[in-house]
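Letters go in sequence order (proteins before strands), and every chain restarts at 1.
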2 protein chains.
Amino acid sequence: MPTPARTSLDAIIAAAWTILEMDGLEGLTMQRVAVAVGVRPPSLYKRVRSRGDLVRLLVEDAHRRLAAAIDAAAGSGDPWRDLAAVAHAFRAFAHAHPRAYEIVFGSIREDWRPDLATLAPANDAVLSIAASLAGPDQALNGARMLVAWAHGFVSMELAGAFRLGGDIDDAFTFGIERLAVALAAPAR
Amino acid sequence: MPTPARTSLDAIIAAAWTILEMDGLEGLTMQRVAVAVGVRPPSLYKRVRSRGDLVRLLVEDAHRRLAAAIDAAAGSGDPWRDLAAVAHAFRAFAHAHPRAYEIVFGSIREDWRPDLATLAPANDAVLSIAASLAGPDQALNGARMLVAWAHGFVSMELAGAFRLGGDIDDAFTFGIERLAVALAAPAR
DNA sequence: ACCTGAACACCGTTCAAGT
DNA sequence: ACCTGAACACCGTTCAAGT
């Protein structure tokens with residue numbers, strides 16, 4: 001005799017986000033998710049293959065949201081302005097959703113990595129900025145320099161790694177300005 | 001009646017490194033460490049307060065080794081040459097000891113973070129390079145830009161995040177050259 | 001068709017008991 | 001003084017049994 005579904009994949013993902021943003025990956029247990037959606041742990045396996053699978057769904061979701069935020073920030077037509085806008089949007093996302101940011105860049109695991117297409121809008125935006133500033137030949141190198149710097153800065157900031165004082169906002173703005181100069185400058 | 005010690009803190013740390021480099025943080029269990037040093041899990045708590053405490057010891061050790069590698073690479077007197085040497089030493093360390101690198105930059109946890117003094121040699125080397133290139137007023141901002149870029153690049157590389165093809169070594173060299181230009185250039 | 005209790009193989013950690 | 005088995009409170013996951 002069929003039993004009505006007592007939860008859903010969407011409810012599970014929503015509950016997982018709440019727990020993840022509160023207590024991080026290590027706090028995200030199947031037991032806590034089960035309690036949050038009102039079923040017993042074994043029932044979760046009707047919607048999700050494993051805990052790892054659930055994490056993969058969250059990583060994909062986070063990728064999509066980050067890509068959308070970056071894409072929305074670009075498009076002014078001025079690469080200098082776009083660079084600053086994208087960098088600030090990137091950092092703002094990380095500050096607003098630190099755990100989401102963390103799992104996007106922190107999950108080494110092959111099986112948690114979403115499709116390249118999910119990130120395509122963000123990739124395109126950054127590549128276009130880099131091509132405008134550094135020329136099409138150096139677009140990929142330039143984009144990698146931009147993303148590496150932005151990710152390194154934000155992840156160190158979130159990790160509390162900037163411990164020598166000074167103004168962090170100022171350091172971020174400094175980086176944006178000098179990066180634009182560096183990309184636009186001819187190689188020495 | 002006293003019993004002779006059957007293991008030591010050094011043996012525990014050495015075993016932990018082997019396990020960590022092989023299977024990462026999640027593979028580092030007290031049970032596996034105990035087996036590796038030839039005691040039962042409860043005995044580990046005579047040398048180490050907790051698993052977290054053991055991880056903290058590893059993080060400290062990794063910090064020291066990374067700082068030493070960076071310090072050794074600098075000191076030519078030429079900031080352009082030093083910048084390249086330090087960047088390559090930094091990347092080489094990450095490639096040679098990916099898990100050690102990972103726990104140095106990846107551990108958000110307050111209680112795992114070692115003393116600032118452990119990193120002092122590396123901080124000094126990078127600050128000195130940045131001061132030479134960008135001037136003393138922008139030394140801290142410049143150093144933060146350098147470290148953010150290097151860490152972002154290497155961590156993305158280790159995570160397999162550069163997925164659009166192209167030559168990664170080339171992108172790294174490109175970054176070094178443009179960073180030097182960017183720091184040495186006057187603000188626009 | 002979905003949910004559940006019971007079970008299994010793991011964790012980290014504590015502690016009384018052994019030597 | 002150090003080591004151990006047993007125990008506790010947790011994990012993720014499977015599966016037969018219930019509705």
If you take all heavy atoms of A:Ala73 and A:Ala85, which pair is closest and at what distance?
O-CB, 3.5 Å
When you measure from every atom of DNA chain D, which of residues 15-27 of chain B have a heavy atom less than 4.0 Å away?
none
Test item: A:Arg178 and B:Asn141 side chains (from C-beta on) under 4.5 Å apart, heavy atoms
no
For B:His97 and B:Glu102, test the side chains for any donor-to-acceptor distance below 3.5 angstrom and give the result as yes or no.
no
Say whether, by atom type as modelled, one donor and one acceptor occur between the side chain of B:Ser128 and the main chain of B:Asp124 under 3.5 angstrom.
no
Aromatic centroids of B:Trp149 and B:Phe172 separated by under 6.0 Å:
yes
Regarding B:Arg91 and B:Asp169, does a basic nitrogen lie under 4.0 Å from an acidic carboxylate oxygen?
yes
Any chance you could list the contact pattern along nucleotides 3-12 of chain C? Use B for base contacts, S for sugar-phosphate-only contacts and - for none, protein heavy atoms under 4.0 Å, 5' to 3'.
SBBB----BB
What is the minimum heavy-atom distance between A:Arg144 and B:Ala171, and which atoms define it?
CD-CB, 4.0 Å
Is there a donor-acceptor pair under 3.5 Å between the side chain of B:Asp82 and the backbone N or O of B:Ser76?
yes
Do you know the tightest heavy-atom contact between A:Gly165 and B:Leu140?
O-CD2, 3.6 Å
Structure string for DNA chain C in dot-bracket form, Watson-Crick and G-U at under 3.5 Å, | interchain:
||.|||||...|||||.||
What I want to find out is whether B:Asp23 reaches B:Arg32 closely enough, with some N-O distance under 4.0 Å, to be called a salt bridge.
yes
